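Only one structure is covered here, and it is reproduced in the block below.
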Amino acid sequence: MSTSSPAEGNGTGTIPELVIISGMSGAGRSTAAKCLEDLGWFVVDNLPPALIPTMVDLGARSQGNVARIAVVVDVRGRGFFDSLRESLNGLAAQKVTRRIVFLEASDDALVRRFESVRRPHPLQGDGRIVDGIAAERELLRELRGDADLVIDTSSLNVHELRAKMDARFAGEDEPELRATVMSFGYKYGLPVDADLVVDCRFLPNPHWVPELRPFTGTSEEVAAYVFNQPGAKEFLDRYTELLQLIAAGYRREGKRYVTVAVGCTGGKHRSVAMSERLGKRLAAEGVETVVVHRDMGRE
């Protein structure tokens, strides 16, 4: 799975691709790592960050036997975790192709998971589970901001998380940029894994049109109503242009995944119709795009 030829090491061989898996304890790091292992990646769990460059160098000396390495890095490393930034800077200097996958989940979901297995959070000490979760979020804040891919597992089961990982890593020819366009309802909360969020509530709500209320934004009737409103088509055109500019920058920076969240009040009409059209526009621009409707059918 590669879009270009891997970089060459210092006369020692081909530098392997590297994926760093991190995120909140209980959010599914082990499942994500197991998925990559099943896809043929060489996976190392809980490797001290200072040893990541060594692991990459060993892969380069393997004569192609270790072409893809996934490393799970988390707060179990405690003091070792502080050296992650230095290791990442060193990898950049070596021109290593690396990506960071960050597993996220809501506090409620994490508390339920820890309580179900009757295990303490690794950072809670003598406090409560929520104290450990808060400490971990603060510790991982900067890494989350640097992540190439953030996956919110709050409402995902193991099979759904594996499907998301497969969708991003199973293909032999990975596109330059993948986009997920996600409609959502503000009354259900912002998607925590969104890179970009845009609001469609400036458009009249089809919910208040009795004959349209039962339908969703995927229907021709609702879509026609939404895009006949003043500003709707202009908004789609201009936001598509903005995303083209952002996508070009992401490509230059090596960012391969982006999640665009489109919101309205309930996530049923306006955001759904806009997401469908936006997804088609991005696909026409050569961006591999998946459209997801998070809250449709939830009311």
Side-chain angles (χ1 to χ4, degrees), residues 102 104-108 144-145 147-152 154-156 164 177-253 255-299:
F102 191 96
E104 172 71 276
S106 67
D107 286 5
D108 289 345
R144 187 190 189 284
D148 299 281
L149 173 63
V150 177
I151 300 178
D152 178 16
S154 302
S155 59
L156 301 181
K164 280 183 173 288
L177 183 66
R178 294 178 188 265
T180 297
V181 179
M182 177 191 300
S183 69
F184 74 96
Y186 275 93
K187 69 180 182 180
Y188 301 114
L190 289 169
V192 298
D193 52 346
D195 297 293
L196 304 166
V197 178
V198 65
D199 189 351
C200 287
R201 291 176 294 181
F202 70 94
L203 297 170
N205 192 348
H207 175 81
W208 303 115
V209 180
E211 58 269 28
L212 295 179
R213 184 178 300 177
F215 299 100
T216 71
T218 60
S219 70
E220 293 183 7
E221 297 89 343
V222 172
Y225 175 86
V226 169
F227 285 100
N228 282 331
Q229 301 303 319
K233 293 178 181 177
E234 183 180 9
F235 172 81
L236 177 62
D237 290 340
R238 294 193 177 185
Y239 194 61
T240 300
E241 292 176 0
L242 176 62
L243 289 179
Q244 290 169 349
L245 177 65
I246 293 172
Y250 279 166
R251 290 185 177 105
R252 288 193 298 270
E253 294 300 313
K255 183 175 174 64
R256 301 190 183 189
Y257 312 104
V258 60
T259 298
V260 182
V262 182
C264 63
T265 303
K268 179 180 179 180
H269 296 113
R270 294 165 291 181
S271 63
V272 171
M274 189 65 69
S275 294
E276 289 287 334
R277 293 282 182 93
L278 185 59
K280 291 178 180 178
R281 291 284 188 94
L282 291 176
E285 294 294 327
V287 177
E288 184 170 315
T289 306
V290 176
V291 179
V292 177
H293 303 303
R294 190 190 75 173
D295 298 322
M296 191 173 70
R298 191 169 176 177
E299 73 288 337

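Quantities reported herein were computed from a predicted structural model and do not represent experimental measurements.
- Scored by the side chain to side chain donor-acceptor pair (under 3.5 Å) test, Asp152 finds Ser154 as partners (sequence neighbours excluded).
- Identified under the ring-ring contact (aromatic ring centres under 6.0 Å, His included) test for residues 191-211, with sequence neighbours left out: Phe202-Phe235.
- Sparse packing is recorded around CD of Glu220, with 12 or fewer heavy atoms of other residues, nucleotides or ligands lying under 6.0 Å away.
- Residues Val262 and Cys200 come closest through the heavy atom pair CG1-SG, 3.4 Å.
- Without hydrogens or angle criteria, Arg277 side chain to Leu236 main chain gives no donor-acceptor distance under 3.5 Å.
- Annotation for Ala223 and Gly217: closest pair CB-O, 4.2 Å, computed over non-hydrogen atoms.
- For Glu234, the salt bridge (charged side-chain N to carboxylate O under 4.0 Å, His left out) test picks out Arg238, with sequence neighbours left out.
- Closest heavy-atom contact between Phe184 and Gly189: CD1-O, 3.7 Å.
- Evaluation of the side-chain contact (heavy atoms from CB on, under 4.5 Å) rule for Glu241 yields Gln244 as partners, not counting sequence neighbours.
- Figure legend: Arg294 and Tyr188 shown without cation-pi pairing, the cationic atom not lying both under 6.0 angstrom from the six-membered ring centre and within 45 degrees of its axis.
- With sequence neighbours left out, the side-chain contact (heavy atoms from CB on, under 4.5 Å) criterion links Thr218 to Thr216, Val272, Glu276, His293, Met296.
- Sorted by first and then second residue, the salt bridge (Lys or Arg N to Asp or Glu O under 4.0 Å) pairs involving residues 180-199 (not counting sequence neighbours) are Asp195-Lys255, Asp199-Arg201.
- Applying the salt bridge (charged side-chain N to carboxylate O under 4.0 Å, His left out) test to Arg144 and every residue at least two apart in sequence or in another chain returns Glu104.
- Annotation: salt bridge (charged side-chain N to carboxylate O under 4.0 Å, His left out) contacts of Arg213 (sequence neighbours excluded): none.
- Checked against salt bridge (charged side-chain N to carboxylate O under 4.0 Å, His left out), Arg281 has the following partners two or more places apart in sequence or in another chain: Asp237.
- Among residues two or more places apart in sequence or in another chain, the ring pair (Phe, Tyr, Trp, His ring centres under 6.0 Å) test is passed with Phe102 by none.
- Heavy-atom minimum distance, Ala232 versus Leu203: CB-CD2, 3.9 Å.
- Under the side-chain contact (heavy atoms from CB on, under 4.5 Å) criterion, Leu242 pairs with Tyr239, Ile246, sequence neighbours left out.
- Evaluation of the side chain to side chain donor-acceptor pair (under 3.5 Å) rule for Thr240 yields no partner, not counting sequence neighbours.
- Between Pro206 and Arg270, the shortest heavy-atom contact is CD-CG, 3.6 Å.
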